[in-house]
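These notes are about the structure you will find just below.
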Amino acid sequence: MSLLKQLFLAICLFLLVAFTGSFIAGVESSREQLISQLRSHAQDAATALGLSMTPHVDDPAMLELMVSSVFDSGYFASIRVLGIPNGEVIVERNNTGASEQQVPDWFVNLVDLRAQGGDALIMRGWEQAARVEVQSHPQFALAKLWDSAIGSLAWLLICGVLSALLGGWLLRTQLRPLDNMVDQAEAISRREFLSVQQIPRTPELKRVVLAMNQMVQKLKTLFSEEAARSEKLRIEAYQDSLTGLANRRLLDIRLAEQLMVSEHNTAGYLLFMRLADLAGLNQKLGGQKTDALIKAMGEVFKQQLEHPNRREWLGSRSRAGEFTLVAPGLTGEAADQLASELATAVDGLAEARECGMSPLAFIGIGAFSPGDQAGAVFARTDLALTQAQGTPGKIWARLDDGVTPNGNSLLDWRGWIDEALAQSKLMLFFQPVASCTDTGKILHQKVLARLIDPQGEAIAAGQFLPWIERLGWSARLDIAMLESSLKHLSLHPQPLALSLSGQTLRDADSQARLLQILRDNPRQDGLLTLELDERYLPSAAQLEQLSQSVRAAGYKLGVQHFGGNFNLIGNLTNLGLAYLKIDGSYIRAIDQEADKHSFIEAIYRATNSIDMPLIAEMVETQGELVALKEIGIQGAMGRLIGAPAPWRE
């Protein structure tokens with residue numbers, strides 16, 4: 001029961017007790033006085049009648065007239081004149097009619113105020129001739145008590161209503177900070193760490209609010225400190241200090257991940273760019289200017305990676321004068337165009353013009369496909385680079401070595417993908433996400449897409465996603481997947497997770513359409529979590545607004561492919577994310593590589609301070625699972641847990 005209802009009931013109870021006590025006290029204090037007044041009234045009337053009737057004691061008509069005149073002028077129950085000594089009734093008047101002022105019978109019975117009498121003698125000389133008996137009617141006393149009770153009740157009711165209104169207003173005003181604290185506590189349970197801005201004046205509530213704010217601030221500070229340590233460790237372990245690109249360690253990790261045969265991996269190209277004569281540049285320009293040139297070349301690579309469809313690419317500086325680009329989904333023609341753009345951009349640098357060396361760098365491009373060995377891909381790309389260096393007038397070379405990534409033409413892919421999306425030729429596959437401590441406990445199922453090609457075969461996402469991105473249809477696929485997932489949820493209400501593409505997040509119309517679908521299908525169970533790729537996250541303000549809109553419709557939001565870069569997420573303590581999924585490149589061989597183990601531990605310490613669950617992607621071996629369990633990671637997904645498959649009851 002709410003405090004307002006309790007206050008209202010307390011006021012009603014108080015009014016009842018106050019009225020009852022006031023009434024009983026009033027009746028008890030007035031009873032003797034009223035009885036005395038009634039007795040005195042009756043005795044006075046009897047005495048007056050006795051004196052008045054003495055001269056007319058032998059005139060019955062006059063006696064009756066006198067009795068009637070007195071009886072009709074006051075509140076009397078009865079007046080009788082009795083003869084002495086035989087007791088014969090000479091005159092009698094009784095009040096048998098209803099009183100003009102109605103008093104309820106229950107009140108009369110409750111008060112129990114009885115009639116009081118008086119008498120006097122009528123003399124005939126020295127002889128007692130008759131006796132007059134008068135009984136006062138308690139009607140006037142009852143009426144006075146009734147009016148007093150009604151007045152007291154009305155006054156108490158007015159006071160009660162005013163007290164209830166004033167008390168309710170005061171209670172709402174004073175307890176509003178409690179509502180804010182409840183909202184704050186509920187937000188903390190959703191992993192939103194918000195501070196109450198309005199500090200109450202009431203000392204007791206003020207202390208509680210300040211304590212809650214202090215706790216939230218400490219949690220934010222703890223998270224910020226741990227996140228900063230994690231970010232520092234990530235930079236030291238996986239980032240080149242001069243250019244800000246990835247280093248060779250991260251290159252090896254990412255390429256190994258890309259070469260795994262998995263759901264989303266696709267063929268592409270590996271690109272090497274190597275300075276033609278690093279030693280000569282050092283002698284001619286000096287170390288500082290050479291470093292400035294290398295840094296400028298790194299900026300050229302960063303500009304290429306900023307393209308919206310290239311967020312899955314990785315640019316790195318693998319050695320002193322050598323840059324590497326991992327480009328999944330890149331076609332041969334696009335690779336040639338990219339090499340031309342890179343060569344032109346590098347030759348146009350001011351540092352390059354100063355050195356006067358032409359060509360400044362050579363480019364080698366080697367194809368790769370999931371299932372290839374990393375050594376073979378490096379060797380193929382290095383061979384292409386050697387060919388470019390050994391061919392006069394040639395700056396880059398490309399080797400496919402029999403591999404034709406995405407071999408069908410754009411027109412072929414466009415036709416059947418458009419048909420598949422338009423006719424809902426979509427099949428849902430599900431990959432389990434289980435608890436690290438108990439792989440039999442399924443946390444949720446990751447929803448994956450299969451498109452049905454013209455031959456009726458289900459095509460994995462790794463084959464058609466690059467073409468969908470090139471065609472700009474990623475948002476169409478997201479909408480189709482969301483609608484299919486909602487239909488599946490209506491039949492099988494079990495936790496699901498669905499990925500959203502970067503195009504849906506960038507395009508306002510696509511995002512509005514997605515949110516409208518969620519609002520049209522509100523859920524209270526929170527069974528569907530929408531996952532955002534860390535590489536495609538919007539700005540912090542947009543992400544916070546999106547999180548609020550998604551949660552308002554009864555859904556959750558998570559981040560996948562998380563690489564420990566907390567700066568990309570923004571204010572994580574205000575988003576209320578369901579979980580973070582750690583990118584599989586940091587999970588592979590974590591039981592064997594100490595740097596990965598330390599990095600994931602740092603991420604866990606940061607997220608554990610705000611109770612943010614972590615889920616590991618692409619867990620392939622039992623050793624990796626044991627290492628994750630020891631760190632404290634909550635969930636895992638990958639071939640070890642379960643491969644993607646159609647829904648099973």
Side-chain angles (χ1 to χ4, degrees), residues 18-157:
F19 173 73
T20 304
S22 175
F23 174 76
I24 293 175
V27 169
E28 290 299 324
S29 64
S30 301
R31 179 184 297 274
E32 294 300 327
Q33 182 180 0
L34 289 173
I35 290 174
S36 178
Q37 288 179 356
L38 289 173
R39 187 180 296 116
S40 175
H41 176 259
Q43 187 61 50
D44 290 345
T47 302
L49 276 175
L51 292 175
S52 300
M53 292 179 176
T54 297
H56 310 284
V57 67
D58 296 322
D59 187 354
M62 182 59 71
L63 294 179
E64 185 175 357
L65 180 61
M66 289 182 177
V67 169
S68 296
S69 62
V70 172
F71 185 85
D72 293 338
S73 64
Y75 294 99
F76 298 101
S78 66
I79 299 178
R80 293 192 305 172
V81 179
L82 303 175
I84 296 177
N86 54 12
E88 178 185 358
V89 177
I90 302 173
V91 178
E92 183 178 11
R93 288 290 303 273
N94 292 303
N95 188 355
T96 57
S99 63
E100 296 180 0
Q101 294 182 332
Q102 294 292 331
V103 179
D105 292 338
W106 62 266
F107 186 78
V108 174
N109 296 329
L110 182 64
V111 174
D112 193 23
L113 189 61
R114 302 180 185 277
Q116 300 296 320
D119 57 16
L121 294 175
I122 303 174
M123 305 297 291
R124 183 185 295 118
W126 295 100
E127 180 185 359
Q128 296 180 355
R131 183 176 72 251
V132 58
E133 296 178 352
V134 178
Q135 280 194 325
S136 295
H137 202 295
Q139 173 183 331
F140 76 95
L142 289 171
K144 182 183 288 187
L145 280 177
W146 173 251
D147 292 340
S148 176
I150 292 297
S152 298
L153 179 61
W155 172 246
L156 289 174
L157 284 176

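Since the structure is predicted, the reported quantities are computational estimates derived from the model, not experimental observations. All heavy atoms count here, side chains included; hydrogens, waters and symmetry mates do not. Along the sequence shown, residues are numbered consecutively beginning with 1.
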Donor-acceptor contact below 3.5 Å, side chain Ser69 vs main chain Met66: yes

Heavy-atom closest pair (Val134 atom, Ala45 atom, distance to 0.1 Å) is CG1-CB, 4.1 Å

Polar side-chain atom of Ser78 near backbone of Arg93 as donor-acceptor pair, under 3.5 Å: no

Nearest heavy-atom pair of Val91 and Pro60: which atoms, and what distance? CG2-O, 4.2 Å

Mind checking what makes side-chain hydrogen bond (donor to acceptor under 3.5 Å, both in side chains) contact with Glu92, not counting sequence neighbours? Asn94

Just by distance, do the side chain of Ser68 and the backbone of Glu64 share a donor-acceptor pair under 3.5 Å? yes

What's the separation between atom CD in Gln128 and atom CG in Leu121, rounded to the nearest 0.5 Å? 4.5 Å

On a heavy-atom basis, the closest approach of Ala120 and Ala46 is CB-O, 3.3 Å

Write down the atom of Ala130, the atom of Ile90, and the distance for their closest heavy-atom approach. CB-CD1, 4.2 Å

Heavy-atom closest pair (Val67 atom, Met53 atom, distance to 0.1 Å) is CG2-CE, 3.0 Å

How close do Pro55 and Ser52 get, counting heavy atoms only, and between which atoms? CD-O, 3.4 Å

Please determine which of Leu49, Ile79, Asp119 meets the side chain to side chain contact (heavy atoms under 4.5 Å, CB included) test together with Glu133. Asp119

Just so I know, are the side chains of Ile84 and Arg131 near enough to count as touching, which here means a heavy-atom distance under 4.5 Å? yes

Quickly, which of Arg39, Gln37, His41 forms a side chain to side chain contact (heavy atoms under 4.5 Å, CB included) with Ser136? Name it, please. His41

